[in-house]
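These numbers come from a predicted model, not from an experiment. What you see below is based on every heavy atom in this structure, not just the backbone, and it leaves out hydrogens, waters and symmetry mates.
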Amino acid sequence: MWQRLARRGACALAWAAVTLTAHAQGTSFVVGQLIERGADQADYARDFMAGAKVAFDAANQSGGIKGRRISLVRREAALNEAIPQAVDMIEHDHVELLFGVSERLLPVLAASPEIARRNVPLLAPLSGATSTADNVLFIRPDYD
């Protein structure tokens, strides 16, 4: 299970890093994750990110992605705190990608003009929801 989660996390992040335009050139690629406090998928999201962290650490030991080390910033938030928390992560932690966006957080973050204005991609491998937002990326098909 952990190996499969780690591979999925590594593949998703590598794909995002290679295909997305970098927001800032630096020595690290900063990935953020919001875990919805008390949500149905919270435990699964934590497990998913634990596997992804293993993959991120392995990628960092191999030189990172295009020479940039992967730095992971995690926060827990209630649904009504998601946008302020995400904006704070973008502004203060310099997050370039929100990774592992859950089913309930995705529509809230995707509809936010604050997130869209900052042009931060939302990578939602845990979600099967439909989204027409330009900054939402999935690695599995939606429910439709």
Side-chain angles (χ1 to χ4, degrees), residues 2-39 41-142:
W2 283 102
Q3 290 174 339
R4 184 173 57 220
L5 290 174
R7 276 195 302 272
R8 285 184 183 171
C11 289
L13 185 62
W15 174 81
V18 170
T19 60
L20 297 172
T21 304
H23 295 272
Q25 296 301 320
T27 57
S28 66
F29 180 74
V30 184
V31 176
Q33 187 205 20
L34 281 176
I35 298 172
E36 185 183 358
R37 204 176 302 128
Q41 291 182 331
D43 289 338
Y44 182 68
R46 285 185 196 94
D47 291 345
F48 184 87
M49 287 310 294
K53 172 121 176 51
V54 170
F56 298 167
D57 291 345
N60 284 339
Q61 286 182 345
S62 299
I65 297 174
K66 294 189 174 184
R68 295 176 73 192
R69 295 185 49 80
I70 304 165
S71 174
L72 180 61
V73 176
R74 293 184 198 165
R75 292 196 190 165
E76 289 194 24
L79 188 60
N80 63 342
E81 302 168 343
I83 293 172
Q85 286 280 5
V87 169
D88 188 61
M89 290 171 76
I90 294 164
E91 295 293 321
H92 295 104
D93 298 313
H94 308 289
V95 165
E96 299 175 61
L97 170 77
L98 287 171
F99 178 68
V101 178
S102 70
E103 193 78 27
R104 286 181 14 128
L105 288 180
L106 180 62
V108 173
L109 295 173
S112 167
E114 291 293 314
I115 306 293
R117 182 171 59 84
R118 289 168 172 83
N119 198 29
V120 173
L122 307 173
L123 185 58
L126 299 176
S127 178
T130 302
S131 178
T132 58
D134 290 338
N135 64 333
V136 176
L137 304 167
F138 299 98
I139 60 168
R140 75 179 211 190
D142 64 33

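The CG atom of L123 lies 9.5 Å from the CG atom of L98; values are rounded to the nearest 0.5 Å. Note: D57 CG to I70 CD1 = 8.5 Å, rounded to the nearest 0.5 Å.
By the 4.5 Å heavy-atom criterion applied to side chains, L105 and L79 are counted as neighbours. L97 is listed as a side-chain neighbour of F29, based on a closest heavy-atom distance under 4.5 Å. K53 is not listed as a side-chain neighbour of Q33, based on a closest heavy-atom distance of 4.5 Å or more.
Of all the heavy atoms in V95 and V31, the pair that sits closest is CG1-C, 4.3 Å. The shortest non-hydrogen separation linking L34 to Q85 is CD2-CB, 3.7 Å. The two atoms that bring I115 and A86 nearest to each other are CD1-CB, 3.6 Å, heavy atoms only. Counting all heavy atoms, side chain and backbone alike, M89 lies closest to V73 at CE-O, 3.4 Å. Shortest non-hydrogen contact noted between L122 and L106 is CD1-CD1, 4.3 Å.
Salt-bridge check for R75 with E81: failed, with every basic side-chain N at 4.0 Å or more from each acidic carboxylate O.
At distances below 3.5 Å, not a single donor-acceptor pair connects side-chain atoms of R68 with backbone N or O atoms of G64. Between the side chain of S28 and the backbone N or O of V30, no donor-acceptor pair lies under 3.5 Å. With hydrogens and angles disregarded, a donor-acceptor distance shorter than 3.5 Å links the side chain of S62 to the backbone of A58.
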